[in-house]
Amino acid sequence: MRPGIRPQEHWRSKRFRYMLEVLRCANCGTVNATRRSVCRRCRSTSLVRERLPERARLLAFTEVKSATDVHDEMAPYLVGLLEFEDGTRIVAQLTDADYEELRPGMEMEMVVRKIAQDGESGVIVYGFKFRPVVS
Amino acid sequence: MRTVYLAGVGYTKVSEHWDRSLTELAAEAALAAVRDAGVERVDAIYFANAAAEITSHQMGISAIVSEELGLSGVPSVRVECGEASGMAALFQAHAAVSSGLAEVALVVGAEKLSDLMPEEFNTVFSMTLPYETMGFAGVTPTAIAALLYRVYMERYEVPQEFVAQFPALMHRNAKGVPHAQFPFEVKLEDVLSSPPVAPPLRRLECTAPCDGAAAVVLVSEESVGGARSGTVTKLAGVSLRTDYASPFDREDPLHLSSVALSVEEALLRSGIDRDELDVLELHDSFSIMAPLVLESAGFSPKGRSGLELKEGRFELGGELPINTFGGLKARGHPFGASALYQVAELHLQLTGRAGKNQLDRAKSGMAVSTTGFGALSGAAVLIGGDSA
């Protein structure tokens with residue numbers, strides 16, 4: 001048995017994966033994942049949809065050499081820790097750059113790219129990745 | 001609450017057991033623990049396991065475990081809390097015995113990871129991370145470990161060998177241990193020259209897929225008289241805590257608050273201080289996890305555990321020996337069973353049965369287990385000797 005990709009699961013999560021949409025707590029300002037009932041920090045129910053900025057700063061990065069069954073075809077790939085202006089952090093794949101070109105502190109921008117494929121004729125999942133901003 | 005005692009332990013070698021199933025391994029460890037405890041009855045079974053649905057095509061597996069033990073009829077519950085399943089099962093069993101619901105509880109953890117192909121193992125391991133925000137994107141535990149590693153080295157300005165020497169210590173301790181997956185030495189140079197899996201993280205800073213099972217028998221103070229004397233320790237305190245699943249959603253990614261809180265609470269419940277502990281079994285699923293656990297739990301100042309290791313503090317002869325049979329790195333990390341290996345090994349130390357790895361005058365010890373990178377953590381304190 002392999003879990004593979006569930007199209008319904010991906011469809012439910014599309015606002016986060018295509019647009020970086022999150023729920024910000026109107027009470028305490030904490031960023032929550034999409035589709036939550038209460039704020040994870042203060043349990044307020046006043047959660048407001050918000051899109052995270054499309055630019056973020058690269059804090060740290062690595063290269064994944066060996067991946068899960070639906071990502072393995074794309075390995076090796078880059079993964080980075082990014083921080084938005086408000087301090088929110090996210091872990092995402094990086095693209096359009098080689099490992100050697102990356103530097104901590106670089107400004108990065110969000111793009112939507114292929115994330116995974118479930119078998120030869122299977123579902124393709126798209127989602128956000130980040131690439132260096134070319135000035 | 002009644003005092004709870006640990007009366008017996010059992011375990012298999014951690015290995016690739018091609019010829020044995022998940023429940024066969026569980027039965028071997030569980031029957032050994034029951035024999036070791038010398039108990040005549042079992043009132044409840046807690047089966048710790050992370051991935052039976054995927055590795056063994058099985059739901060409702062706790063009933064199959066009770067059947068393989070010849071204990072059909074006894075209540076049996078499977079506990080799934082990822083890599084910390086064993087600690088969570090111990091927490092439940094302690095509650096059952098201390099409350100009076102059970103006189104004798106059997107806690108057995110088992111995992112069967114060697115049947116998986118490498119990318120399937122990565123898939124299962126990645127399930128310890130939040131899928132909706134990380135797993136879907138191919139973010140793996142190795143990637144998270146690598147990012148934490150970078151943040152750690154940068155913040156505390158320590159070289160990689162301060163972190164990479166932890167696996168070398170684990171292998172020193174595992175050398176010649178019959179139940180260890182890798183019972184041989186691996187030098188720091190070997191760790192640093194092994195292939196990168198997610199730089200700076202190297203192959204020999206990670207655990208490897210394996211199979212294994214470990215079990216402990218808990219008994220109430222009323223029933224402890226039936227157990228053989230000299231082989232009993234007191235399970236003085238157990239605690240379990242949770243946190244946000246992604247370390248980078250926390251205020252400080254390098255502080256594992258679920259570790260800090262569960263360690264603090266387990267000590268409080270045990271009535272002993274941190275510096276009274278003679279031995280510590282900690283969760284080193286990746287090299288970087290050992291310093292993060294030590295520093296989050298207050299055993300080392302932030303950024304200093306690598307220096308303390310270098311100075312000998314955590315060696316078998318040091319002030320606070322850690323992972324005395326090799327820890328997750330070298331004894332092995334069969335997810336659901338790992339915490340029960342930790343607890344069983346503490347019990348061996350405190351009852352003078354640790355063989356060549358026996359510590360001098362070990363009276364109390366702690367096991368710290370976690371899943372993912374501190375999403376859920378637990379700690380257990382065992383007290384041996386006259387104080388038990």
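Basis for what follows: all heavy atoms, side chains included, without hydrogens, waters or symmetry-related copies. Here the structure is a predicted model, which is why all the values come from computation and not from measurement. Each chain gets a letter, A, B and so on, in the order the sequences are listed, and its residues count up from 1.
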For Ala137(B), does its backbone N or O pair with a side-chain atom of Gln93(A) as donor and acceptor, under 3.5 Å? yes

Within 6.0 angstrom of [X] [atom1], more than 12 heavy atoms from elsewhere:
{"X": "Arg35(A)", "atom1": "CZ", "value": "yes"}
{"X": "Arg113(A)", "atom1": "CZ", "value": "yes"}
{"X": "Arg41(A)", "atom1": "CZ", "value": "no"}
{"X": "Glu85(A)", "atom1": "CD", "value": "no"}

Considering only heavy atoms, which portion of Glu9(A) lies under 4.5 Å from any heavy atom of chain B: side chain, backbone, both, or neither? side chain

Between Glu132(B) and Arg36(A), is there a side-chain N and carboxylate O pair less than 4.0 Å apart? yes

[X] side, atom [atom1]; [Y] side, atom [atom2] - distance, nearest 0.5 Å:
{"X": "Tyr244(B)", "Y": "Asn32(A)", "atom1": "OH", "atom2": "CG", "result": "7.5 Å"}
{"X": "Asp72(A)", "Y": "Glu120(B)", "atom1": "CG", "atom2": "CD", "result": "11.0 Å"}
{"X": "Lys65(A)", "Y": "Arg203(B)", "atom1": "NZ", "atom2": "CZ", "result": "11.0 Å"}
{"X": "Ile144(B)", "Y": "Thr62(A)", "atom1": "CD1", "atom2": "OG1", "result": "10.0 Å"}

Is chain A contacted by the side chain of Ser126(B), its backbone, both, or neither, given a heavy-atom distance below 4.5 Å? side chain

What part of Met127(B) gets closer than 4.5 Å to chain A, counting heavy atoms only: side chain, backbone, both or neither? side chain

Do [X] and [Y] have side chains that approach each other closer than 4.5 Å (heavy atoms only, starting at C-beta)?
{"X": "Leu59(A)", "Y": "Glu154(B)", "result": "no"}
{"X": "Phe136(B)", "Y": "His71(A)", "result": "no"}
{"X": "Pro253(B)", "Y": "Arg89(A)", "result": "yes"}
{"X": "Phe248(B)", "Y": "Leu81(A)", "result": "yes"}
{"X": "Pro199(B)", "Y": "Phe61(A)", "result": "no"}

If we ignore angles and hydrogens, is there a donor and acceptor under 3.5 Å between the side chains of Thr68(A) and Asn122(B)? no

Heavy-atom pair count under 4.5 Å with chain A, highest-scoring of Val151(B), Thr142(B), Thr133(B): Thr133(B)

Option that, when pairs with chain A are counted at under 4.5 Å, heavy atom only, ranks first among Pro130(B), Gly138(B), Gly135(B): Gly138(B)

Taking all non-hydrogen atoms of both residues into account, name the closest pair between Ser66(A) and Thr140(B) and its distance. O-CG2, 4.4 Å

Considering all heavy atoms of both residues, which atom of Arg150(B) and which atom of Ala60(A) are nearest to each other, and what is their separation? CB-CB, 4.0 Å

